[in-house]
2 protein chains.
Amino acid sequence: MTETTPQASDRSIDTQASGFEAVRQAHQSEMVEDYVELIAELIHQNGAARPVEIAERLGVTQPTVSKNLARLKREGFIEQIPYRSLQLTDAGRQLAEACRMRHRIVVEFLIALGVSPEVAEHDAEGIEHHVSEETLAVFKGFVRRTDETK
Amino acid sequence: MTETTPQASDRSIDTQASGFEAVRQAHQSEMVEDYVELIAELIHQNGAARPVEIAERLGVTQPTVSKNLARLKREGFIEQIPYRSLQLTDAGRQLAEACRMRHRIVVEFLIALGVSPEVAEHDAEGIEHHVSEETLAVFKGFVRRTDETK
DNA sequence: TCGATAAATTAGACAAGGCTAACTTTAATA
DNA sequence: TATTAAAGTTAGCCTTGTCTAATTTATCGA
Ligand SMILES: [Mn+2]
Ligand SMILES: [Mn+2]
Ligand SMILES: [Mn+2]
Ligand SMILES: [Mn+2]
């Protein structure tokens with residue numbers, strides 16, 4: 001009779017823990033996601049993505065970008081020839097596209113909801129990494145419905 | 001004429017950087033916020049908040065909690081007498097209450113929107129830290145309107 | 001009241017993502 | 001084409017949050 005009494009709240013402890021676990025997971029992919037998304041954006045806007053510009057857009061220093069790009073390279077998302085534009089691999093392009101869509105949906109959702117465009121863009125940068133497939137689908141539906149009604 | 005040509009996108013570079021900056025900021029307060037919120041919840045539910053239970057709820061080890069509690073103590077959010085329940089200071093209680101409210105609003109908002117309760121709780125754990133005052137107000141308004149219509 | 005058990009802490013390692021300072025390399029231009 | 005400015009890298013430091021292993025300490029039930 002020394003066992004911990006399993007009660008109604010037993011399951012919810014694991015559920016709660018898994019929520020926190022998911023947040024930690026999300027934070028581990030966040031840097032990679034933001035970088036590939038930004039690289040794709042720069043290539044689209046400028047025809048080239050250079051580390052110095054990534055640093056500027058993110059508000060970090062060049063060495064930070066240098067170090068982080070090493071991870072992207074190591075994980076197979078980019079190819080880099082020094083002093084040439086960064087290139088996304090197929091995997092990189094694929095991830096970037098998924099991130100771009102998710103980002104766009106979150107921003108459009110917030111705007112449809114009534115948040116100002118600047119703040120929507122601001123908040124989306126963090127929120128996007130914590131939105132499950134289910135929630136994203138709900139966001140998407142809301143945007144679609146709002147667009148129709150308009 | 002060596003100056004960088006200031007164009008329309010000049011402002012938006014800073015804006016974009018400030019978004020990423022805000023995300024980094026949010027992540028710096030996140031641990032403290034989750035801990036005080038959880039401590040308040042445990043005190044409310046159990047009458048006591050013990051480190052071992054915090055570890056369980058967060059899905060981390062006891063030494064991790066021990067180390068993080070040192071920060072909460074250092075920053076004046078808790079008082080701790082070993083082997084007694086953790087106590088929140090006034091500042092701690094205040095922060096915990098703000099976090100609890102924000103958390104509740106985010107969860108209720110997602111549910112009102114059509115997300116399942118489990119997923120709403122899951123996603124809220126990360127989203128809550130990236131919601132500005134403006135967005136939170138919009139969420140709150142949406143929940144209120146939904147409740148009325150019901 | 002004492003001794004077993006659970007709780008908590010300490011020590012030490014590691015990975016990630018920031019930074020500054022110093023150096024190398026490329027590219028633009030005079 | 002030779003200089004120089006800009007871009008990029010390297011080295012090394014810091015902080016945060018995680019872990020394991022080992023140790024200390026308090027509590028509680030026999
Ligand atoms: Mn982001
Ligand atoms: Mn993004
Ligand atoms: Mn949280
Ligand atoms: Mn986050």
Side-chain angles (χ1 to χ4, degrees), chain A residues 1-5 17-18 20-36 38-39 42 46 48-75 77-87 125-126 129, chain B residues 1-5 17-18 20-36 38-39 42 46 48-75 77-87 125-126 129:
Chain A
M1 245 274 236
T2 37
E3 293 171 29
T4 51
T5 58
S18 100
F20 286 112
E21 173 62 35
V23 173
R24 292 190 294 268
Q25 279 298 119
H27 288 164
Q28 292 220 320
S29 350
E30 180 157 350
M31 186 276 288
V32 168
E33 293 172 0
D34 285 337
Y35 272 61
V36 295
L38 180 52
I39 289 167
L42 288 171
N46 304 348
R50 310 227 307 295
V52 64
E53 198 153 3
I54 295 175
E56 211 179 328
R57 300 282 194 116
L58 294 176
V60 299
T61 61
Q62 286 189 355
T64 294
V65 171
S66 225
K67 191 178 284 193
N68 288 338
L69 288 177
R71 174 168 163 204
L72 267 70
K73 220 178 306 177
R74 178 164 30 91
E75 296 184 359
F77 294 114
I78 61 167
E79 274 163 21
Q80 184 177 27
I81 304 171
Y83 295 88
R84 290 247 206 314
S85 173
L86 298 165
Q87 297 297 329
E125 201 51 76
H129 306 281
Chain B
M1 245 274 234
T2 37
E3 291 171 29
T4 51
T5 56
S18 100
F20 286 111
E21 172 63 34
V23 173
R24 292 191 294 268
Q25 278 301 118
H27 288 165
Q28 292 221 322
S29 351
E30 181 156 350
M31 185 276 288
V32 168
E33 292 172 1
D34 285 338
Y35 273 61
V36 294
L38 179 52
I39 289 167
L42 288 171
N46 304 348
R50 310 224 311 294
V52 65
E53 198 154 2
I54 294 174
E56 210 180 328
R57 298 283 194 117
L58 294 176
V60 299
T61 61
Q62 286 189 357
T64 295
V65 172
S66 224
K67 192 177 282 192
N68 287 338
L69 288 177
R71 173 168 164 203
L72 267 69
K73 221 179 305 179
R74 178 161 32 89
E75 295 184 359
F77 294 113
I78 61 166
E79 274 164 20
Q80 183 177 26
I81 303 171
Y83 296 88
R84 291 249 205 313
S85 172
L86 298 165
Q87 298 297 329
E125 201 52 77
H129 307 281

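Reckoned from all heavy atoms, side chains included, excluding hydrogens, waters and symmetry mates. Within every chain, numbering begins at 1; the chains are lettered A, B, ... in the order of the sequence lines, protein sequences first and strands thereafter.
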Student: Rounded to whole Å, how long is the line connecting atom CZ of A/Phe20 with atom P of D/dT18?
Tutor: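 Rounded to the whole Å, the gap is 11 Å.
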Student: So if I define the base as every atom that isn't primed, P, OP1 or OP2, how would nucleotides 19-30 of chain C read as a B/S/- string at a heavy-atom cutoff under 4.0 Å?
Tutor: BBB---BS----
Student: Please report, rounded to the nearest Å, how far the P atom of D/dA7 is from the CG atom of A/Leu42.
Tutor: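 Going from A/Leu42 (CG) to D/dA7 (P), I get 14 Å.
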Student: What verdict does the side-chain contact (heavy atoms from CB on, under 4.5 Å) test give for B/His129 and A/Val23, after you've listed the backbone C-alpha separation in whole Å, the side-chain angles of each residue and the deciding distance to 0.1 Å?
Tutor: CA-CA 11 Å; B/His129 307 281; A/Val23 173; 5.8 Å; no
Student: What nucleic acid atoms does A/Gln80 come within less than 4.0 Å of, heavy atoms only: base, sugar-phosphate, or nothing?
Tutor: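 Sugar-phosphate, backbone atoms only, no base.
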Student: Whole angstroms only, please: what is the CD1-C1' distance between B/Ile81 and D/dT27?
Tutor: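 Between C1' of D/dT27 and CD1 of B/Ile81: 16 Å.
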Student: Within less than 4.0 Å of OP1 or OP2 of D/dA6, is there a side-chain N or O belonging to A/Arg50?
Tutor: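 Checking D/dA6 against A/Arg50, no side-chain N or O comes under 4.0 Å of OP1 or OP2.
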Student: Just how far, in rounded Å, is P of D/dA7 from CG of A/Asn46?
Tutor: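 Distance check: A/Asn46 CG to D/dA7 P gives 13 Å.
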Student: Once you round it to whole Å, what is the distance between C1' of C/dA16 and CD of A/Gln25?
Tutor: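 Taking CD of A/Gln25 and C1' of C/dA16, I get 14 Å after rounding.
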Student: Starting from the first five and the last five pairs of the helix from C/dT1-D/dA30 to C/dA30-D/dT1, work out the angle between the resulting helix axes, to 10 degrees.
Tutor: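 Its terminal axes enclose an angle near 10°.
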Student: As an exercise, state the distance from OG of A/Ser85 to CD of A/Glu79, rounded to the nearest 0.5 Å.
Tutor: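 It comes to 12.0 Å.
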Student: Any side-chain heavy atom of A/Asn46 within less than 4.5 Å of one from A/Glu53?
Tutor: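 When only atoms from C-beta onward are counted, A/Glu53 and A/Asn46 do touch, with a gap below 4.5 Å.
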Student: Which residues pass the side chain to side chain donor-acceptor pair (under 3.5 Å) test with B/Lys67, not counting sequence neighbours?
Tutor: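 Scan of B/Lys67 (side chain to side chain donor-acceptor pair (under 3.5 Å), adjacent residues dropped) gives none.
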Student: Just so I know, are the side chains of A/Val60 and B/Phe20 near enough to count as touching, which here means a heavy-atom distance under 4.5 Å?
Tutor: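 Of all side-chain heavy-atom pairs linking B/Phe20 with A/Val60, none is under 4.5 Å.
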Student: With rounding to the nearest 0.5 angstrom, report the CD1 to CZ distance, B/Ile78 to B/Arg71.
Tutor: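 It comes to 12.0 Å.
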Student: Out of curiosity, A/Glu75 CD to A/Ser29 OG, how far, rounded to the nearest 0.5 Å?
Tutor: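 It comes to 9.5 Å.
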Student: Can you tell me how far P of D/dT18 sits from CG of B/Asp34, to the nearest Å?
Tutor: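 In whole Å, D/dT18 P and B/Asp34 CG are 10 Å from each other.
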Student: Distance check needed: D/dG17 P versus B/Glu33 CD, whole Å only.
Tutor: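 After rounding, the gap between these two atoms is 11 Å.
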Student: Figure out the CD1/P separation between A/Ile78 and D/dG8, and round it to whole Å.
Tutor: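 Distance check: A/Ile78 CD1 to D/dG8 P gives 12 Å.
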Student: Which nucleotide in the list C/dG17, C/dA8, D/dT18 gets nearest to the side chain of B/Ser66?
Tutor: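 Of the candidates, C/dA8 comes closest.
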Student: Quick check for you: among D/dG8, D/dT18, C/dG17, whose closest atom lies nearest to any side-chain atom of A/Pro51?
Tutor: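 Of the candidates, D/dG8 comes closest.
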Student: For DNA chain C, whose closest nucleotide is more 5', that of B/Lys73 or that of A/His27?
Tutor: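 That would be B/Lys73.
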Student: Quick check for you: to the nearest 0.5 Å, what is the distance between A/Arg50 atom CZ and A/Leu42 atom CG?
Tutor: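 Rounded to the nearest 0.5 Å, the CZ-CG separation comes to 10.0 Å.
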Student: Does a side-chain heavy-atom distance below 4.5 Å link A/Leu72 with A/Leu86?
Tutor: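 Answer no - side chains too far apart.
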